[in-house]
Amino acid sequence: MSDSVYILLVTKIGRKKKDRRLVTIKTVQTNQARVELLAGTLLVAAPTDERTLSQSGGGHYESLETGDEVYCSRSEIEELVPSTCDLLRPIPTCAERLEVYKNKEWLQEGLQLRPGDNVFVKIKGHQSELPGVIRYRGLIPDGNGVFFGIELTASHENSGEGTTDGVYRKKRLFQTHPDSGVFCPLHKIRKQRESWLKSDRARVGQKSAMSSLEEDILRIGDRVMWPSDNGNEYGTVRWIGHLPGDTSGEKTVGVEFDNPIGTGTGKYKDQRLFYTKQGHASLVPLMGLIKDGEFSKVAKVLVLLVTAYKKRRKGSTVSTATLIQTVLLRKSQTWCTSKLHNHKQMNISGSQGAWWTRLRMKSLDRNRDGKQSSSSSTTSSVPPDPDLVVGSMVEVLLQGKPPLYGVIKWIGTFDDQTNKVIAGLEMEEEISAGTDGTFKGKRLFSCAPHKAFFVPLNKCRKDKRFQGDAKRPSQEEFGTIETPDIDGEICPPDVKTPEDLLPVCGKSRGIQGHHNSCYLDATLFSMFYFTTVFDFIFNEPPRPDSVPEHQRVQKVLKEGIVNPLRRYNYVRADKVLKLRELLDKLGTIPGMMGEEKDPEEFLSALLSQVIKADPLLHLSSGEHTYFYQLFLEKDEKLLLPTTQILVELSFLQGNVKLKEVPSCLMLQMPRFGKDYKMYRRIIPSLELDITDILETGIRECIVCGSLARFECKDCHLIHGQGLSTTAFCATCIKMSHQHKKRQAHHPKELMVPPEFLAKYSQICEESGPICRQNGEPLGTSHDYGLPKEKMELFAVLCIQTSHYVSFVKCGLGKEAPWVFFDSMADRMGEQGGYNIPEVQHVPELSRWLSEDNFQSILDVEDDKNLPEHMRRLLCDAYMCMYQSPTVMMFR
């Protein structure tokens, strides 16, 4: 047998090890021997088939870990060189292994990492990576492949976060302090990219380019000062370089400030640049920093001058940076240095001279009042667009840079001398100068770190990308995959089985996200991909009071989104953008084009305002609605509630029932956005029994199992859990309430359909008495043919940090597989790039939600220790969608 090892690039169906009959996917006939091999599985040639890929283009292979066998074509696997195999083999999950393999930069790092290299390490229980130094690389006892022994070098607050002092299975591999080391595979570590900044050699008045280069260098570890509005702030340089996606060519400095004036711990766009304590990290333009040392004395003089200026002009809110620039214009460098007490006049050169030069160059286009000169292309005299209000989507034009895009979140002034109107924007992308919504030490709105940007309102223009007369975004702005409209009849969903999920899963599948559209993408994917429960929308004719966009919305939704999704398994973002434009024109829900919204806002706009469809839910209270919010009092004893329990409690406490079985029941979990969750975890019931919440439900007696004719809500929890404990037949209601404590209860007669009651009476006459005098049952509800009304779970919308994703069932029945969808799972490019959606098969979902698994979930105390998809499903559920296969056929 060949010693070559291969990595599987796609998920395949194969045979379990015990069955040595080698067959292709198409000839697999039994479920007993079938097994799924995930993408990322390591394979070797099967001993029963010595054919090579080069000879036949395909062959039989077996898993390196389990021995399970599978047939693979040439394009479905790639051969690994031994060094790469040694790095990938210890990675525990196929998904993580494949992620490292596809990231060639990451893989190359792993091949080059050696003891002494600085790295960042992912530690269980930490959201942020911790810094460390590699002390060992090689094999470990009972391990396969290359492991890394790392000494953690984080600050004192992270001491003891390790698991070893360098010993693994009683064998010492390196030496460090107790609990300061860890052993881990490559997928847990990334190399630190330390860099330093050297200035240009060409400088005015320099004696030697080389000597200047040696003098003018800002290194990792240097102490720096930042002149803020609240005084000087000091810190240490931790990183210097170009920010990812920044094409301006200007260097940025990552500073760990002594005081907690920053945000985060040193990440930028989910990429770790450096590490600090929480709240001490900040990315500062090189222009804004002053190197500590002799030159800091000059800076102190400047700040003293500015402080004196501010005292003379009480009430002035001109920033410290602007005042320093004014001082530099009005006073020469020599004049400033002459003010140093007890210190001779300095000849500022090297990095100091460069700083002065750059700062003065920045100030040349400003006059004494700090306003731009007439030579600037945009002047302060230009009035702001009167149509710009909070919620407007705008672009900001900065000289020499591409436009920045965002949404206005705040407008106001700070009563300075210019009385300039300022706009607070939440940007599409993070920017180095951004905040989390604070400006001059005052919180004006809230958003993610580095996404708030404050500029004069007159620098903002309406976002041309979304103007009706403007040129629509081109195909290239959303990628090169086309999804042409499909007119005509609605395409039926292609119900999937685990064997034919390959065309559905992977990158560039599902609906592509764009500019805060995740709430819409996840909802549309859930509503239409594998179910027809909402297809009635396309058959609803316009009414006299319908909006003009009625038929246009139907056409765009059917031909541009649903049909391509079901036919091509992919919808490009510009098709969804058309729908957003139409909904935005309604004006009833502002911000549909760019603001973060929730699924129920979209559903309300579509079903109620545009389609004007009949409500899905009719309640006994007289209310008619499309979805149901679970309102209930929290029960502290419920450690792991299911939607079945929560629905029954909500209907019981709300004293309301369903008047009829709905085709679709959309349940909003007991939470409010991303800020409050009543229960830490909720298990979406795969099957929802709504018999006991129906106004005319055929219910069974909790005592004898025969037809219930009465309901006593006061008896809830006396005979067990659930609403079923409140239903009694005529005989048992009397016997049960003979107890003194229950004589004050108030039973009510149930509404039983007359046609069913007549049929049931006939069955009882033929079967004999239903209940003996002592209350012992003669049979169960099944003996009397009592039906149950149950609905299937087909989708779960989840939210985490303002981002919506969804789990969706690929068809009907218990055997239908489940997939996970994220419309913004990946991204191509930065500013001006586009999102890449992804669909992943989740084969374990049904097992996760089964009652047999409840205890194992309870045993995991920390949510972070749950598998990623399980955690998102149980902890982040926002809306659960159920369907009735019977009722939906007749809608």
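Between Gly181 and Thr176 the shortest heavy-atom distance is N-CG2, 4.0 Å. The shortest non-hydrogen separation linking Ala39 to Thr11 is N-OG1, 3.3 Å. Heavy atoms only, all atoms of each residue included: Asn835 and Ser823 are closest at CB-O, 4.0 Å. The minimum heavy-atom distance between Leu87 and Gly110, with the atom names listed, is CD1-C, 3.6 Å. Residues Val182 and Gly162 share a closest heavy-atom pair of CG1-CA, 3.8 Å. Across Ile857 and Arg681, no two heavy atoms sit closer than the pair O-NH1, 2.8 Å.
Remark: side-chain polar atoms of Asp862 are not paired, donor with acceptor, to backbone N or O of Asn865 under 3.5 angstrom. A side-chain donor-acceptor contact under 3.5 Å links Arg97 to the backbone of Gly40. Using modelled atom types, no side-chain atom of Arg137 and backbone atom of Arg114 make a donor-acceptor pair closer than 3.5 Å. Here the side chain of Tyr61 pairs no donor or acceptor atom with the backbone of Leu64 at under 3.5 angstrom. Put simply, the side chain of Glu62 never gets that close to the backbone of Glu69: no donor and acceptor are under 3.5 Å apart. Panel note: side chain Ser63, backbone Glu65; a donor-acceptor pair is recorded below 3.5 Å. A donor-acceptor pair under 3.5 Å is absent between the side-chain atoms of Thr84 and the main chain of Leu80, judged by distance alone.
Inter-residue side-chain proximity for Cys810 and Trp818 is flagged as unmet; no heavy-atom pair is nearer than 4.5 Å. Looking at Phe174 and Val167, their side chains never come closer than 4.5 Å, going by heavy atoms from C-beta outward. In this structure, Arg169 and Asp142 have side chains that are in contact, with non-hydrogen atoms separated by less than 4.5 Å. Residues Ile7 and Leu43 fail the side-chain proximity criterion, which asks for heavy atoms closer than 4.5 Å. Residues Pro564 and Tyr570 are not in side-chain contact: their nearest non-hydrogen atoms beyond the backbone lie 4.5 Å or more apart. Between Leu113 and Ile189, the closest side-chain pair of non-hydrogen atoms falls below 4.5 Å. In this structure the side chain of Thr163 never reaches within 4.5 angstrom of the side chain of Asp179, judged on heavy atoms. A heavy-atom distance below 4.5 Å is not found between the side chains of Phe148 and Lys188.
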Mind running side chain to side chain donor-acceptor pair (under 3.5 Å) on Ser83 and Asp86 for me, showing each step along the way? CA-CA 5 Å; Ser83 58; Asp86 289 341; over 6 Å; no
Working for side chain to side chain donor-acceptor pair (under 3.5 Å), residues Gln855 and Asp859: CA-CA 6 Å; Gln855 186 57 49; Asp859 291 341; 2.9 Å; yes
Can you check side chain to side chain contact (heavy atoms under 4.5 Å, CB included) on Ile511 and Leu565, steps first, answer last? CA-CA 7 Å; Ile511 303 174; Leu565 179 62; 4.2 Å; yes
What's the verdict on side chain to side chain contact (heavy atoms under 4.5 Å, CB included) for Glu482 and Arg572, showing C-alpha distance, side-chain angles and the deciding distance? CA-CA 7 Å; Glu482 296 186 2; Arg572 208 171 58 201; 4.0 Å; yes
Any chance you could lay out the side chain to side chain contact (heavy atoms under 4.5 Å, CB included) test for Leu8 and Leu38, step after step, and finish with the verdict? CA-CA 8 Å; Leu8 184 62; Leu38 300 177; over 6 Å; no
Yes or no on side chain to side chain contact (heavy atoms under 4.5 Å, CB included) for Leu9 and Glu76, after CA distance, side-chain angles and deciding distance? CA-CA 5 Å; Leu9 302 179; Glu76 293 173 330; 5.7 Å; no
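Distance CD/Glu868 to NZ/Lys864: 14.0 Å, rounded to 0.5 Å. Between the NZ atom of Lys171 and the CG atom of Leu139 there is a distance of 8.5 Å, given to the nearest 0.5 Å. Note that CG of Leu873 and CZ of Phe807 are 5.0 Å apart. Values are rounded to the nearest 0.5 Å. The structure places CZ of Arg680 at 9.0 Å from CG of Leu640, a figure rounded to the nearest 0.5 Å. To the nearest 0.5 Å, atoms CG (Asn569) and CZ (Arg566) are separated by 12.0 Å. Atom CG of residue Leu849 and atom CE of residue Met870 lie 8.5 Å apart, to the nearest 0.5 angstrom.
The side chain to side chain donor-acceptor pair (under 3.5 Å) search around Asp826 returns Lys507, not counting sequence neighbours. The side chain to side chain donor-acceptor pair (under 3.5 Å) check on Glu851 picks up nothing, with sequence neighbours excluded. Remark: Gln108 pairs with no residue by the side chain to side chain donor-acceptor pair (under 3.5 Å) rule, at least two apart or across chains.
In this structure, the ring of Phe478 has its center less than 6.0 angstrom from the ring center of His514. In this structure, the ring of Phe530 has its center no less than 6.0 angstrom from the ring center of Phe794. A distance of 6.0 Å or more separates the ring centres of Phe147 and Phe183.
Ring orientation note: the planes of Phe820 and His869 are tilted relative to one another, at an angle of 30° to 60°.
One finds no salt bridge joining Glu838 and Arg509 here, because no Lys/Arg side-chain nitrogen approaches an Asp/Glu carboxylate oxygen to under 4.0 Å. The residues Glu109 and Arg190 are annotated as salt-bridged, a charged nitrogen and a carboxylate oxygen being separated by less than 4.0 angstrom. The pair Asp68-Arg15 fails the salt-bridge criterion, with no side-chain N (NZ, NE, NH1 or NH2) lying under 4.0 Å from an Asp/Glu carboxylate O. Electrostatic pairing of Glu151 and Arg135 counts as a salt bridge here, judged by a charged N lying under 4.0 Å from a carboxylate O. Taking 4.0 Å as the cut-off between side-chain N and carboxylate O, Asp165 and Arg172 count as a salt-bridged pair. Using a 4.0 Å cut-off between charged nitrogen and carboxylate oxygen, Glu430 and Lys451 do not count as a salt-bridge pair.
Geometrically, Lys104 engages Tyr101 in a cation-pi contact defined by less than 6.0 Å to the ring centre and at most 45° from the axis.
Checking Thr236 against Glu256 by side-chain atom types alone, no donor-acceptor pair falls below 3.5 Å.
Of the candidates Val805, Val576, Asp822, Asp521 forms a side chain to side chain contact (heavy atoms under 4.5 Å, CB included) with just one, namely Val576. Each of Leu874, Leu866, Val842, Leu686 was evaluated against Trp848; a single residue qualifies, Val842, per the side chain to side chain contact (heavy atoms under 4.5 Å, CB included) test.
Within 6.0 Å of CD on Gln112 lie more than 12 heavy atoms contributed by other residues, nucleotides or ligands.
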